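None of these values were measured; they are calculated from a predicted model. Every number for a ligand or one of its atoms is a count from 1 in the order of the listing.
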Amino acid sequence: MARILLTGGAGFIGSHTAVVLLERGYDVVLLDNFSNAARDVPERLRRITGMTVPLIEADIRDETAMAAALAAFPVDAVIHFAAKKAVGESEADPLLYYDANIVGTVRLLSAMRRASVGRIVFSSSATVYGEPDRCPIAEDAALRAANVYGRTKLVMEGMITDLVRTGVMDAAAVLRYFNPVGAHPSGLIGEEPRSEPANLMPYLCQVAERKRPHLNVFGADYKTRDGSGVRDFIHVMDLAEAHEAALRRVLARDGDFAVNLGTGVGYSVLEMVAAFEATTGVKVPYKIAPRRAGDIAECYADPSLAADLLGWRAGRGVEDMCRDAWRWQSRAALTNGE
Ligand code: NAD
Ligand code: WQD
């Protein structure tokens with residue numbers, strides 16, 4: 001079976017993808033610098049899967065370390081999750097993002113070339129579409145990232161597809177995630193924001209946990225069903241399964257493709273609050289707050305290309321997302337002795 005290196009493999013989406021790959025028989029190697037992940041993730045993966053996963057502690061910007069990793073563990077492909085991902089932080093410190101994301105990816109790709117690893121699956125984001133002309137968003141929509149983080153994703157997408165086009169690499173999948181939420185149903189792994197969460201679901205869960213007094217609903221005057229923002233929330237386990245489908249294609253065929261990974265259905269912020277309360281029985285106090293700078297009214301995917309190319313569709317609903325996010329959040333609180 002193929003051996004796959006997961007950069008950022010101890011992070012939120014990487015760790016869930018590791019579970020799916022291990023359960024489907026792949027050899028998995030994790031690489032992470034633990035800048036945004038807990039050190040016991042490999043141990044938690046062992047508890048879920050019964051398998052011990054090799055872990056390399058390294059920074060993708062360290063090309064020597066990356067080359068050493070690929071020499072120690074020859075792999076058939078890389079799934080490249082490692083990145084910085086906070087939009088606000090990227091606007092506050094653009095050079096940090098150019099370095100971590102763009103320079104880091106250049107170094108990774110150079111090390112891959114030296115090791116003759118020519119196949120990659122890349123974590124991109126719906127943020128590359130900026131404010132879309134219409135929803136659902138198809139892959140041929142205009143690409144116009146509106147912030148530094150989004151621009152780094154566009155640059156990295158371009159670098160990777162250039163390398164395939166010019167024959168430096170064999171195959172690449174560019175996966176544009178919409179809004180990943182939820183957690184593994186075991187409650188053993190999930191999203192672990194290090195500081196005040198910027199994203200809706202982690203913040204909502206911390207309000208439910210009574211760690212924060214209320215949720216600020218950023219804007220109730222958008223032209224949407226109920227005035228609050230609409231997004232395409234996708235369960236992280238659906239996303240993890242999509243990576244395996246993309247990987248299968250990348251291992252089997254040369255060439256590159258970019259696909260949206262979403263459900264195709266938008267839910268509003270207020271609908272997510274209601275779904276969370278209905279699923280978990282826990283009240284989530286909220287206040288209507290001003291719009292957040294840079295936000296758009298609605299954003300949801302046309303997921304049909306992923307279905308055609310990969311034979312993959314998201315199957316889990318908002319109840320699964322809320323239930324699993326809450327199981328993870330309440331269990332993590334217990335473990336931390338909070
Ligand atoms: P995450 O922060 O949980 O995971 C990223 C992992 O990469 C972390 O474990 C972190 O420690 C590691 N890392 C960061 N910089 C590194 C470096 N220089 N060297 C080595 N390791 C490094 O984030 P996530 O939500 O799992 O996101 C994974 C990928 O998906 C990222 O590329 C992100 O931009 C992209 N993405 C995420 C979302 C989302 O909402 N979560 C949406 C779209 C795209
Ligand atoms: C969703 C909705 C907010 C927090 C971001 C990135 C994107 C991608 C996913 C990485 C919006 C509202 C939020 C809160 C709220 N990340 N909200 N109160 O902005 O769609 O996408 O994360 O690639 O690039 O931009 O996600 O979860 O921050 O917000 O009302 O406390 O929830 O206004 O309508 P977003 P989000």
Inset, instruction - Using heavy-atom distances, let me know which of Asp32, Thr7, Val41 sits nearest atom 10 (C) of ligand 1. - result: Asp32
Inset, instruction - Check whether any N or O atom of Tyr203, backbone or side chain, sits under 3.5 Å from an N or O atom of ligand 2, and answer yes or no. - result: no
Legend entry - Lys/Arg-Asp/Glu bridge criterion (N-O < 4.0 Å) met for Glu241, Arg313: no
Inset, instruction - Just jot down the ligand 2 atoms closer than 4.0 angstrom to any heavy atom of Ala198, in number order. - result: 4 (C), 28 (O)
Inset, instruction - Heavy-atom distances under 4.0 Å are what count here, so tell me which part of Lys153 touches ligand 1: side chain, backbone, both or neither. - result: side chain
Inset, instruction - Could you establish whether Ala58 and ligand 1 come within less than 4.0 Å of each other, counting only heavy atoms on the residue side? - result: yes
Legend entry - Sub-6.0 Å ring centroid separation between His214 and Tyr286: no
Legend entry - Pro180 touching ligand 1 at heavy-atom level, < 4.0 angstrom: yes
Legend entry - Within-shell test, Ala100 vs ligand 1, heavy atom, strictly < 4.0 Å: no
Inset, instruction - For ligand 1, note which part of Tyr149 has a heavy atom under 4.0 Å away: side chain, backbone, both or neither. - result: side chain
Inset, instruction - Run the ring-centre check on His16 versus Phe81 and record whether the distance is less than 6.0 Å. - result: no
Legend entry - More than 12 heavy atoms from other groups under 6.0 Å of CZ on Arg61: yes
Inset, instruction - State whether the shortest distance between N or O atoms of Lys85 and N or O atoms of ligand 2 falls below 3.5 angstrom. - result: no
Inset, instruction - Check each of Asp76, Asp254, Asp256 against Arg119 using the salt bridge (Lys or Arg N to Asp or Glu O under 4.0 Å) test, and report the only one that passes. - result: Asp254
Legend entry - Test: Glu277 and Lys283 ion pair at under 4.0 Å: yes
Legend entry - Electrostatic pair Arg114:Glu63 at N-O distance under 4.0 angstrom: yes
Inset, instruction - Using distance alone, determine whether Glu191 and ligand 1 share an N or O pair under 3.5 Å. - result: no
Inset, instruction - Would you give the length of the straight line joining atom CG of Leu188 to atom CD1 of Ile48, rounded to the nearest 0.5 angstrom? - result: 5.0 Å
Legend entry - Reported CG-to-CG distance for the pair Leu270 and Leu215, which is rounded to 0.5 angstrom: 8.5 Å
Legend entry - Min N/O separation Lys84 to ligand 1 under 3.5 Å: no
Legend entry - Side chain, backbone, both or neither: the part of Asn199 lying under 4.0 Å from ligand 2 by heavy atom: both
Inset, instruction - Report yes or no: is the cationic atom of Arg231 (NZ for Lys, CZ for Arg) under 6.0 Å from the centre of the six-membered ring of Tyr267, at an angle within 45° of the ring normal? - result: no
Legend entry - Any N or O of Leu215 closer than 3.5 Å to N or O of ligand 2: no
Inset, instruction - May I ask you to establish whether Arg144 and Tyr129 are in a cation-pi arrangement, using a distance under 6.0 Å from NZ or CZ to the six-membered ring centre and at most 45° from the ring axis? - result: no
Legend entry - Contact (N/O only, under 3.5 Å) between Asn36 and ligand 1: yes
Legend entry - Tyr149 contact mode with ligand 2 (heavy-atom cut-off under 4.0 Å): side chain
Inset, instruction - Pick whichever of Val217, Ile296, Ile288, Val269 has a heavy atom sitting closest to atom 12 (C) of ligand 2. - result: Val269
Inset, instruction - Return yes when Ser124 approaches ligand 1 closer than 4.0 angstrom through a heavy atom, no otherwise. - result: yes
Inset, instruction - Salt-bridge test for Glu192 and Arg44: reply yes if a basic N is under 4.0 Å from a carboxylate O, no otherwise. - result: yes
Legend entry - Distance filter under 4.0 Å to Asn179 heavy atoms, resulting ligand 2 atoms: 20 (O), 21 (O), 26 (O), 35 (P)
Legend entry - Proximal candidate to atom 18 (N) of ligand 2 [heavy atom criterion; set Val87, Asn216, Ile13]: Asn216
Legend entry - Polar proximity ligand 1 side, Ala10 side, N/O cut 3.5 Å exclusive: no
Legend entry - Within-cut-off N or O pair, Ser35 and ligand 1, under 3.5 Å: yes
Legend entry - ligand 2 N/O within reach of Leu200 N/O, cut-off under 3.5 Å: yes
Legend entry - Which segment of Asn147 sits under 4.0 Å of ligand 2 when only heavy atoms are counted: neither
Legend entry - Within reach of ligand 1, part of Glu192 (heavy-atom separation under 4.0 Å): neither
Inset, instruction - For the pair Asp320 (side chain) and Gly317 (backbone), establish whether a donor and an acceptor sit closer than 3.5 Å, ignoring hydrogens and angles. - result: yes
Inset, instruction - Ignoring angles and geometry beyond distance, decide whether Phe178 reaches within less than 3.5 Å of ligand 1 through its nitrogen or oxygen atoms. - result: no
Inset, instruction - Answer yes or no: does an N/O atom from Ile60 fall short of 3.5 Å to an N/O atom of ligand 1? - result: yes
Inset, instruction - Give a yes or no on whether Arg194 atom CZ has more than 12 heavy-atom contacts from other residues, nucleotides or ligands under 6.0 Å away. - result: yes
Legend entry - NZ/NE/NH1/NH2 to OD/OE distance under 4.0 Å, Asp221 and Arg291: yes
